[in-house]
K.L.:
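Can you keep this structure in mind? I'll have questions shortly.
In this text, all values refer to a predicted model and were calculated from it rather than measured experimentally.
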Amino acid sequence: MSTSSRTLRLLSLLQTHRYWSGDDLADRLEVSIRTLRRDIDRLRDLGYPVQADRGVGGGYQLAPGAAMPPLVLDDDEAVALVVGLQSAAHSGLANVAEASVRALATVVPVLPKRLRRQVEAIGASTDSLRPEAAAGEATDPGTLVAFAQACRDAERVRFGYSSASGEATERHVEPVRLVTVGRRYYLLGYDLDRADWRSFRLDRVREPSPTGVRFRPREVPGGDAAAYVRAGLRRGSRGPEVSAEIAADADQVRERIGRWFDVTESGPGRCRVHAEGINPEWMAFALAHTGGEILSVEPAQVREVMRTWASRFTRAVGTPS
């Protein structure tokens with residue numbers, strides 16, 4: 001066994017979080033105690049915090065470190081990690097979803113081909129139940145990964161795109177940022193053919209293809225990608241204008257839903273939530289998530305959703321005695 005292979009094997013054993021005696025590790029690796037010590041020192045040089053107890057009965061254990069060095073995973077662990085990240089990328093938790101996409105962009109490119117095929121097979125044969133997701137709106141994890149990598153590497157991408165009216169176009173874009181709005185992903189980028197900034201719904205994207213051409217990132221108008229995408233959605237909105245009065249501090253509400261809604265203070269311990277073109281059910285869910293008492297809601301469609309949910313929840317738990 002080569003030195004590098006033996007070092008990886010040693011790291012794999014230590015990552016089980018067992019306490020290993022020196023003799024046991026040496027036997028597993030089929031080396032002398034002196035060679036084992038050199039391998040341990042090599043791991044420490046790479047940043048792995050290996051603890052050692054000297055003397056008779058001494059041994060080794062991998063301790064938690066201040067920074068996370070590269071992981072060593074077996075095949076099953078690697079596949080499980082990627083599948084788990086793909087599921088998390090479609091979660092309703094924005095921060096978790098975004099971090100999962102970034103992690104996928106890091107992990108997927110280094111997977112061996114045989115493992116990549118396993119992951120693709122699992123994804124192709126699995127359906128997920130996503131609340132309030134309309135048919136055809138699911139974003140392909142491969143598309144997420146392709147754009148996450150392109151944003152990270154500042155690499156131009158070509159792809160097909162279908163507008164809301166169904167018009168099919170070909171795009172050549174400098175991708176800058178992925179933004180989540182509700183349960184959808186949007187790409188913010190500079191459209192080279194139109195010489196202007198555009199946002200693209202990823203469930204309408206076809207066959208993204210990195211070009212290998214790098215670019216110098218441009219400054220996002222206003223400096224906030226999420227705010228730019230949200231403003232664009234409002235301009236193109238066909239849905240109703242919605243607003244609500246909440247008995248809660250504006251900062252508290254803004255922390256919870258400010259990513260998708262305008263939140264303004266309307267008095268001591270009170271605030272107003274406003275948005276345009278928002279699905280009434282999504283609005284009702286967001287208002288419940290604020291944790292504050294809802295004093296008023298417009299329009300009637302949102303109140304009807306809340307009334308239906310209230311009746312459903314009451315039937316589920318029963319009327320208080």
Side-chain angles (χ1 to χ4, degrees), residues 82 85-86 88-90 94 97-111 113 116-117 119-120 123-124 133-239 259-260 276-277:
V82 175
L85 288 172
Q86 288 177 345
H90 289 295
E98 292 168 8
S100 300
V101 171
R102 293 196 302 271
L104 281 169
T106 301
V107 173
V108 170
V110 299
L111 284 178
K113 286 185 178 180
R116 210 174 303 174
R117 285 196 294 269
V119 171
E120 290 171 353
E137 291 187 355
T139 300
D140 174 55
T143 299
L144 281 173
V145 171
F147 283 120
Q149 290 172 333
C151 291
R152 181 195 63 193
D153 299 336
E155 181 179 0
R156 292 175 177 173
V157 178
R158 293 185 182 275
F159 57 89
Y161 190 71
S162 299
S163 67
S165 63
E167 179 187 3
T169 56
E170 297 297 322
R171 302 300 183 106
H172 187 199
V173 172
E174 294 178 351
V176 174
R177 194 73 176 169
L178 291 171
V179 176
T180 55
V181 180
R183 295 184 178 275
R184 290 176 180 158
Y185 275 94
Y186 291 81
L187 171 73
L188 176 62
Y190 190 82
D191 192 317
L192 294 168
D193 295 327
R194 291 156 182 79
D196 200 2
W197 290 91
R198 292 288 190 274
S199 63
F200 305 93
R201 263 179 54 177
L202 291 201
D203 58 293
R204 294 176 178 169
V205 167
R206 306 184 313 278
E207 300 178 355
S209 177
T211 63
V213 178
R214 301 296 177 89
F215 63 90
R216 184 186 298 275
R218 306 168 191 261
E219 184 176 352
V220 175
D224 188 331
Y228 188 89
V229 170
R230 185 171 62 180
L233 293 177
R234 286 176 183 161
R235 288 192 298 270
S237 169
R238 298 180 181 177
R259 187 179 187 87
W260 304 285
E276 296 178 9

K.L.:
For Arg218, what residues pass the side chain to side chain donor-acceptor pair (under 3.5 Å) criterion, not counting sequence neighbours?
P.N.:
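Per chain and number, Arg218 pairs via side chain to side chain donor-acceptor pair (under 3.5 Å) with Glu174.
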K.L.:
Is the closest side-chain heavy-atom distance between Tyr185 and Thr143 below 4.5 Å?
P.N.:
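No, too far: nothing below the 4.5 Å cut-off.
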K.L.:
Side chain of Tyr190, backbone of Ala195: donor and acceptor closer than 3.5 Å?
P.N.:
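Judged by distance alone, yes, a pair lies under 3.5 Å.
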K.L.:
Between the side chain of Ser199 and the main-chain N/O of Val229, is any donor-acceptor distance below 3.5 Å?
P.N.:
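Here the side-chain-to-backbone pair does not exist.
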K.L.:
Is any side-chain heavy atom of Asp193 closer than 4.5 Å to a side-chain heavy atom of Arg171?
P.N.:
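A side-chain contact under 4.5 Å is absent here.
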K.L.:
Looking at every heavy atom in both Val173 and Gly189, which two are closest together, and how far apart are they?
P.N.:
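Nearest pair, atom of Val173 first, then Gly189: CG1-CA, 3.8 Å.
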K.L.:
Assess the residue pair Arg156 and His172 against the criterion (side-chain contact (heavy atoms from CB on, under 4.5 Å)); give the C-alpha distance rounded to whole Å, side-chain angles, the decisive distance to 0.1 Å, and a yes or no.
P.N.:
CA-CA 7 Å; Arg156 292 175 177 173; His172 187 199; 3.9 Å; yes
K.L.:
For Phe215 and Pro175, work out which heavy atoms get closest and say how close.
P.N.:
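Closest approach of Phe215 to Pro175, heavy atoms only: CZ-O, 3.3 Å.
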K.L.:
Minimum heavy-atom separation for Arg177 to Cys151, with atom names?
P.N.:
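Minimum heavy-atom contact is N-SG, 3.5 Å.
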K.L.:
Going by the side-chain hydrogen bond (donor to acceptor under 3.5 Å, both in side chains) test, name the single residue among Arg206, Arg201, Arg204, Glu167 that passes it with Ser162.
P.N.:
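Single side-chain hydrogen bond (donor to acceptor under 3.5 Å, both in side chains) partner of Ser162 among Arg206, Arg201, Arg204, Glu167: Arg206.
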K.L.:
List for me each residue that meets salt bridge (charged side-chain N to carboxylate O under 4.0 Å, His left out) alongside Arg194, sequence neighbours excluded, and say none if there are none.
P.N.:
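Here the qualifying residues are Asp191.
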K.L.:
Restricting to non-hydrogen atoms, name the atom on Glu155 and the atom on Pro210 that form the minimum distance, rounded to 0.1 Å.
P.N.:
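It is OE2-CB, 3.3 Å.
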K.L.:
Passes side-chain contact (heavy atoms from CB on, under 4.5 Å), Leu202 versus Leu178? Steps please.
P.N.:
CA-CA 9 Å; Leu202 291 201; Leu178 291 171; 3.8 Å; yes
K.L.:
Verify side-chain contact (heavy atoms from CB on, under 4.5 Å) between Trp197 and Val220, making sure each step is shown before the conclusion.
P.N.:
CA-CA 8 Å; Trp197 290 91; Val220 175; 4.2 Å; yes
K.L.:
How would you list, by chain and number, every residue that makes a ring-ring contact (aromatic ring centres under 6.0 Å, His included) with Tyr161, sequence neighbours excluded?
P.N.:
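In terms of ring-ring contact (aromatic ring centres under 6.0 Å, His included), with neighbours along the sequence ignored, Tyr161 is linked to Phe200.
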K.L.:
So which atom in Pro208 and which in Phe159 form the shortest heavy-atom distance, rounded to 0.1 Å?
P.N.:
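Minimum heavy-atom separation between Pro208 and Phe159: CA-CB, 3.7 Å.
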